[in-house]
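What you see is a predicted model, and the numbers here were worked out from it, not measured in a lab. Indexing begins at 1, ligand by ligand and atom by atom, following the structure's order.
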Amino acid sequence: MRKILIDAHTHSVASGHAYSSIQEMAQAAAEKGLQVLGITEHGPSIPGTCPLIYFKNMFVVPRMMYGVRLLMGCEINILDNDGTLDLNDEYIGYLDIAIAGIHVNCWKGGTREENTEGMLKVICNPRIHMICHPGDDTAELDFEPIVIAAKETHTLLEINNHSLAPERKRTAAHDHNLTLLRLCKKHGTPVMLGSDAHVSFQIADYERLWPLLAETDFPDELVMNYRPERFFSYLNIPENIGDTGLPTSAPHM
Ligand SMILES: [Zn+2]
Ligand SMILES: [Zn+2]
């Protein structure tokens, strides 16, 4: 097994239902040998998350802590099948990394076809770097066009460990993630394993994902967590993003 060097999707206490500070998260990431840690607080539609000014002020956070490069970002909510996001372009511009996904408490869905169209619009949004937990069974989706569009637009698809926790009761998530992995292998679409850690101890915990990778004989070269340099170039994120202390971000394609 290759070494995990990136975990791009985690939450600090600022998300409102997570339990570690940024500093504790960075320290835990260093102890686990990570080089890059994304801290992606929930977008404004999730009850109890940070206010908008939190994202605007993130330039004060040093992007190197304990030898770990921090990417300060947001897990933006997809609100409907028009691809509407709950963070506007001004605020997305303050992020180092922008991930987007569907959350049942703030999403208006439709048929499988409509949901897929909506997801494709988000994948084609050049400001979005990664789609979080597309296989988590919240929305009915057609995975093949999603996998093809993700490759074309350099948008990463996440295979999310947290969705597979038995407490989440997402019974179809296991099969959906297997389908996603098979399609990503078929089309050569890179994936990101995501811990979605809500406490520092969960960082880089992918224990529920290893059996899926084994079952699909998933190629190492399509797992972006092993390849920090490729990750930055694929997403067109400057490796020193945030170092200037000035808010800066640009569309990635
Ligand atoms: Zn989520
Ligand atoms: Zn999350």
**Atom name of the N, O or S atom in His11 that lies nearest to the Zn ion (ligand 2)** = NE2

**Complete:** Counting only protein N, O or S atoms (no waters) closer than 2.8 Å to the Zn ion (ligand 1) gives 3

**Asked** Judged by modelled atom types alone, do Asn81 and Asn115 share a side-chain donor-acceptor pair under 3.5 Å?
**Response** yes

**Message:** Can a donor-acceptor pair be found, under 3.5 Å and without considering hydrogens, that links the side chain of Ser163 to the backbone of Asp136?
**Reply:** no

**Phe218: ring-ring contact (aromatic ring centres under 6.0 Å, His included) partners, not counting sequence neighbours** = none

**Item:** Residue pair Ile146 / Ile131, side-chain heavy-atom distance below 4.5 Å
**Value:** no

**Asked** Between Lys186 and Glu144, is there a salt bridge with N-O shorter than 4.0 Å?
**Response** yes

**Complete:** So OG1 of Thr49 and NE2 of His17: to nearest 0.5 Å the spacing works out to 7.5 Å

